[in-house]
Amino acid sequence: MSFIQQTTDKNYYRSSKQLFALIDCNSFYASCERIFNTKIIKKPVVVLSNNDGCIIARSDEAKELGIQMGEPFFKAKDIITKNKVNVFSSNYSLYGDISNRVMEVLSTFSPEIEIYSIDEAFLKFDGFNEKKIDDHCKKIRDTIKQWIGIPVSVGVGRTKTLAKVANHLAKKNKEKKGISILLEEKEIKQELSILDVKDIWGIGKKLSIFLKSNGIYSAFDFLQKERGWVRKNMGVIGERIVMELLGLSCLSLEMIPNSKKNCCVSRSFGYPIETFEDLSQSVANYATRAAEKLREDNLVTNVMSLFLLTNYFNKKDLQYSNSLKIQIDYLTNDTVVIVKKALEGLKKIYRPGYKYKKAGIIMLNLSQESNIQGLFEFNKEKSSSLMKSFDSINLRYGNSTIHTAAEGINKLWSMQRQKMSPCYTTRFNELLKVDL
DNA sequence: TCTGGGGTCCTAGGACCC
DNA sequence: TCTGGGGTCCTAGGACCC
């Protein structure tokens with residue numbers, strides 16, 4: 001028996017009182033660039049990943065030109081030049097700051113908010129009069145646009161997954177004007193029957209290929225499958241998606257962000273690098289940043305993983321990749337210790353004769369700093385006062401004002417970001433430079 | 001020439017124990 | 001010759017997300 005047969009009588013679509021709204025900023029990074037550069041409004045805009053490698057955000061005008069998400073920049077270069085597309089390197093401090101402002105405004109519209117990503121948040125609309133929801137959504141959209149200058153889409157449903165579906169419709173159908181409220185059973189079924197399985201939240205590339213090879217093309221087709229089949233082939237995740245699409249909420253609003261379990265710092269190099277010297281400078285730099293990130297969140301660890309790899313796109317070159325798990329004898333977030341351990345690890349997995357493309361560090365099994373106790377109290381205090389000075393100097397005078405000797409001075413390996421906009425909202429000095 | 005970065009969760013299978 | 005079975009814990013890898 002399929003899920004839908006089992007559940008039709010129970011009429012889940014009407015049973016739940018709770019409502020979720022998903023607010024999603026349209027082409028977020030491109031929209032951020034537009035706030036401070038009015039000349040590019042209504043013009044095609046794309047934003048590139050680190051190293052100006054891939055296209056990671058596109059304005060509607062850029063989408064219409066056929067530029068694909070995730071497409072390598074060099075492949076789209078012809079279309080970009082021909083159509084005078086405005087191109088920006090990513091400027092995460094700008095986007096992060098704008099995101100905080102958007103979230104702050106959103107939180108005035110409901111006491112229950114989950115910040116889901118840099119450009120998305122779920123709000124809970126419990127106890128709202130359904131007739132007034134549309135007005136409320138309009139107000140959200142207008143306020144964010146007016147106060148911050150970012151266009152958003154709003155989708156409302158009885159589960160997070162249905163709110164995602166609604167948001168998808170709000171974005172896709174122009175006549176909806178950025179708002180879609182999906183609560184009526186008939187309408188839900190209608191929309192699910194034309195929703196491609198690949199567009200369901202939680203179903204990615206692999207699963208959608210698998211589903212289509214089994215004759216499942218729409219979300220509605222998916223709901224026709226027997227429960228046992230879904231469980232067997234897609235595990236609990238598949239089952240959960242089905243329940244959510246049927247209006248049975250399985251995913252709750254996470255108002256308090258869980259503390260991070262891992263923390264990764266990795267970059268592709270601006271140029272392929274071969275020497276141990278260059279590689280160790282980059283690893284020292286990533287380890288330094290990783291330690292800083294831990295201190296920002298008051299976290300510590302005693303285990304980390306180091307990895308490095310060559311460019312697998314470059315078929316002519318010899319390929320090598322390796323990773324190493326590194327244990328530290330005590331919990332720490334001390335830059336000096338973490339850099340030292342990372343470099344010791346690098347010696348073990350570095351092999352000469354390869355052109356390295358990327359390296360990174362993952363801090364694992366993170367726990368709260370307050371957990372440090374016992375034998376290492378002495379070291380802890382000494383280290384944390386040094387690290388505090390380290391962090392406050394870098395905060396005041398800019399990143400990497402102070403750094404460990406291992407990071408080196410000639411950063412040949414560092415990223416290329418040729419088209420970056422100024423950090424309008426976060427770095428006064430840079431703004432001055434530009435204005436002058 | 002040029003192909004991102006940072007996360008989460010789930011599962012299968014091995015190690016180990018009694 | 002014949003060599004248990006069930007439980008737990010850990011880890012690597014795969015899938016997904018933005």
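Because the structure is a prediction, the values reported are computed rather than measured. Every chain is numbered from 1, with letters handed out A, B, ... down the list of sequences.
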Touch class at under 4.0 angstrom, heavy-atom based, for [X] against every strand present:
X	result
A:I203	sugar-phosphate
A:D52	nothing
A:L207	sugar-phosphate

Ring centres under 6.0 Å, that's the criterion: do A:W201 and A:Y116 meet it?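 Ring centres of A:Y116 and A:W201 closer than 6.0 Å.
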Quick one: is [X] getting a side-chain N or O under 4.0 Å of the [N] phosphate, OP1 or OP2?
X	N	result
A:K357	B:dC2	no
A:S268	B:dT3	no
A:K358	B:dT3	no
A:N262	B:dG6	no

Wobble G-U and Watson-Crick pairs count when both distances are under 3.5 Å; given that, what is the 5' to 3' dot-bracket string of DNA chain B, with | for pairing to other strands? ....||||||||||||||
Rounded to the nearest angstrom, tell me the gap between atom [atom1] in [X] and atom [atom2] in [N].
X	N	atom1	atom2	result
A:K205	C:dC17	NZ	C1'	15 Å
A:N51	B:dG4	CG	P	8 Å
A:K206	C:dC16	NZ	C1'	11 Å
A:K164	C:dC17	NZ	C1'	8 Å
A:K355	B:dT1	NZ	C1'	12 Å
A:L364	C:dG13	CG	P	13 Å
A:F269	B:dT1	CZ	C1'	18 Å
A:N50	B:dC2	CG	P	17 Å

Apply side chain to side chain contact (heavy atoms under 4.5 Å, CB included) to residues A:K160 and A:S249 and explain how you reach the verdict. CA-CA 7 Å; A:K160 283 179 157 182; A:S249 179; over 6 Å; no
Which of these nucleotides, [options], is closest to any side-chain atom of [X]?
X	options	answer
A:Y116	C:dC17, B:dC10, B:dG6	C:dC17
A:F74	C:dC18, B:dC2, B:dT8	B:dC2
A:D119	C:dC16, C:dC18, B:dC10	C:dC18
A:W201	B:dG6, C:dC17, B:dC9	C:dC17
A:S117	B:dT8, C:dC18, B:dG4	C:dC18

Using the side-chain hydrogen bond (donor to acceptor under 3.5 Å, both in side chains) rule, collect all pairs that involve residues 313-322 of chain A, keeping only residues at least two apart or in two chains.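 Counting only pairs at least two positions apart or across chains, the side-chain hydrogen bond (donor to acceptor under 3.5 Å, both in side chains) contacts touching residues 313-322 of chain A are A:T310-A:Q319, A:N314-A:D317, A:Y320-A:N322.
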side-chain contact (heavy atoms from CB on, under 4.5 Å) partner of A:F276, chosen from A:L343, A:V283, A:L346: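 Per the side-chain contact (heavy atoms from CB on, under 4.5 Å) rule, the option paired with A:F276 is A:L346, out of A:L343, A:V283, A:L346.
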Taking only heavy atoms on the protein side, list every residue of residues 75-92 of chain A lying under 4.0 Å from any atom of DNA chain B, sorted numerically.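 Residues of residues 75-92 of chain A that come under 4.0 Å of DNA chain B do not exist, since none gets that close.
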5′-ward residue of the pair A:M234/A:M69 relative to DNA chain B: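 Closest to the 5' end, via its nearest nucleotide, is A:M69.
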When the C1' atoms of C:dG4 and B:dC16 are compared, how many Å lie between them, rounded to an integer?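 Per the computed distance, 15 Å lies between those C1' atoms.
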